[in-house]
Amino acid sequence: MHTVELDGRKIPVGKIVCIGRNYAEHIKELGNKTPDKPVIFMKPATAILASGGKIIIPAYSDDCHHEIELAALIGKKAKAVSVEQALDHVAGYAVALDLTLRDVQSAQKEKGLPWEIAKAFDTSCPLSAFVPAARISDPQSLQLRLVVNGEVRQDGNTCDMMRTTAQLIAAVSAYFTLEEGDIVLTGTPAGVGRIRSGDCLEATIEQVGSLTVTVV
Ligand code: MG
């Protein structure tokens, strides 16, 4: 059983639901189209890597990218909830990385195939400990910063999300039930780029915390 920490408690993780293309500048940098509905995919709990852990880039890729994202932990069942109710279902927030094998993803996209082999591999979801939601004054006003080997690569703010955390949870919960222990990743700001063997990644979200991982 894979667990995450919330305020010192161990919480078993269900599914990790991820949102693609939720920041305009990131959509531009990858030359993607702006979606009229949220782009949704999932990672299994086996993808989780705790802070201090080591990323293992699969041998079938030569281009693994970092994507810093705000993660929301679901604290109670959410099925077709409204935007107004959505944040009542969030127990906590954490710093996440949605590691992506960009070369593999591009090939899958071209063929119209699903993204899991590019997005859901073991160690593809580094996660910090979660802080209780009550401690975050406004999830749509948080600076996110990713530093690789001392160099700032991503520096964005959750105010630039195209759909808010509440809107995303409401939209996801219309497709499938979110349960306690599920995690929602809310998309990445601009600045994604390649990581290589030996790199040290430090991801920070203000008020939320930080995460440090290295690449094997
Ligand atoms: Mg992402």
Side-chain angles (χ1 to χ4, degrees), residues 1-13 16-19 22-23 26 29 43-59 61-73 90-102 118-133 135-137 139 141-158 160-161 165 181 183-216:
M1 180 68 81
H2 292 261
T3 60
V4 289
E5 222 182 277
L6 172 67
D7 217 12
R9 276 188 305 136
K10 296 259 186 232
I11 312 273
V13 176
I16 305 168
V17 182
C18 307
I19 306 298
N22 199 31
Y23 287 79
H26 171 62
E29 74 180 342
K43 292 180 192 262
T46 44
I48 292 173
L49 178 69
S51 188
K54 291 189 188 318
I55 296 163
I56 300 167
I57 301 173
S61 172
D62 197 31
D63 192 19
C64 181
H65 275 198
H66 53 74
E67 297 187 357
I68 185 173
E69 311 202 359
L70 176 68
L73 178 68
V90 176
Y93 293 97
V95 183
L97 294 176
D98 165 22
L99 298 179
T100 304
L101 308 177
R102 197 69 72 198
K119 289 276 201 180
F121 59 93
D122 291 359
T123 76
S124 66
C125 191
L127 266 177
S128 73
F130 282 80
V131 295
R135 251 185 257 163
I136 305 302
S137 49
S141 179
L142 301 171
Q143 198 70 22
L144 315 98
R145 174 178 275 219
L146 178 74
V147 174
V148 180
N149 304 330
E151 176 201 340
V152 178
R153 294 271 191 93
Q154 291 186 270
D155 196 10
N157 195 290
T158 57
D160 291 322
M161 285 186 195
T165 306
I183 294 169
V184 178
L185 264 53
T186 55
T188 196
V192 301
R194 190 175 177 188
I195 54 172
R196 293 175 169 82
S197 181
D199 282 353
C200 176
L201 286 69
E202 297 168 86
T204 309
I205 301 179
E206 67 173 318
Q207 295 179 45
V208 174
S210 63
L211 165 73
T212 304
V213 283
T214 52
V215 185
V216 165

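The structure displayed is predicted, hence computed values, not measured ones.
Atom CG of L49 sits about 8.0 Å away from atom CG of L211, to the nearest 0.5 Å. Here the straight-line distance linking atom CD1 of I183 with atom SG of C18 works out to 9.5 Å at 0.5 Å rounding. Note that SG of C125 and CG of L185 are 5.0 Å apart. Values are rounded to the nearest 0.5 Å. Annotation: the span from I55 atom CD1 to F121 atom CZ amounts to 7.5 Å, rounded to 0.5 Å. Atom-to-atom distance recorded for N157:CG and L144:CG is 7.0 Å, nearest 0.5 angstrom. Remark: H2 NE2 to I16 CD1 distance equals 9.0 Å, nearest 0.5 Å.
With hydrogens and angles ignored, the 3.5 Å screen pairs a side-chain donor or acceptor of T158 with a backbone N or O of P139. Formation of a donor-acceptor pair under 3.5 Å by the K43 side chain with backbone atoms of K119 is found in this model. A donor-acceptor contact shorter than 3.5 Å links the side chain of S197 to the backbone of V216. Put simply, the side chain of E69 gets close to the backbone of G187: a donor and an acceptor are under 3.5 Å apart.
Residues A120 and A47 approach most closely at O-CB, 4.0 Å, considering heavy atoms. Closest of all the heavy-atom pairs between A72 and V90 is CB-CG1, 4.1 Å. Taking every heavy atom of both residues into account, A94 and S128 meet most closely at CB-OG, 3.4 Å.
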L73 vs L6, side-chain contact (heavy atoms from CB on, under 4.5 Å): CA-CA, chis, key distance, verdict: CA-CA 9 Å; L73 178 68; L6 172 67; 4.2 Å; yes
Stepwise side-chain contact (heavy atoms from CB on, under 4.5 Å) check, V192 with E29: CA-CA 9 Å; V192 301; E29 74 180 342; 3.3 Å; yes
CA sep, side-chain torsions, deciding dist, call: L201, T212, side-chain contact (heavy atoms from CB on, under 4.5 Å): CA-CA 6 Å; L201 286 69; T212 304; over 6 Å; no
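Side chains of T186 and M161 form a contact here, defined as non-hydrogen atoms less than 4.5 Å apart. With contacts defined as side-chain heavy-atom distances shorter than 4.5 Å, the pair T165/V184 does not qualify. Side chains of I48 and V4 form a contact here, defined as non-hydrogen atoms less than 4.5 Å apart. Side-chain contact between E67 and T100: present, with at least one pair of heavy atoms (C-beta onward) separated by less than 4.5 Å. The shortest distance between side-chain heavy atoms of V215 and I56 does not fall below 4.5 Å. Proximity of L70 to V208: side-chain heavy atoms (C-beta onward) are separated by under 4.5 Å at one or more points. Residues I136 and L142 form a side-chain contact, since some pair of their non-hydrogen atoms from C-beta on lies under 4.5 Å apart. Side-chain contact between T123 and I57 is absent, with no heavy-atom pair separated by less than 4.5 Å.
Atom CZ of R102 is surrounded by more than 12 heavy atoms from other residues, nucleotides or ligands within 6.0 Å.
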List, one per line, each side-chain donor-acceptor pair under 3.5 Å for residues 147-154, sequence neighbours excluded.
residue, atom, partner, partner atom, Å
N149, OD1, C200, N, 2.8
N149, ND2, D199, OD1, 2.8
R153, NH1, H66, NE2, 3.0
R153, NH1, R194, O, 3.1
Q154, OE1, H66, ND1, 3.1
Q154, OE1, I68, N, 3.1
Q154, NE2, T188, OG1, 2.8
Q154, NE2, P189, O, 2.8
Q154, NE2, A190, O, 3.4

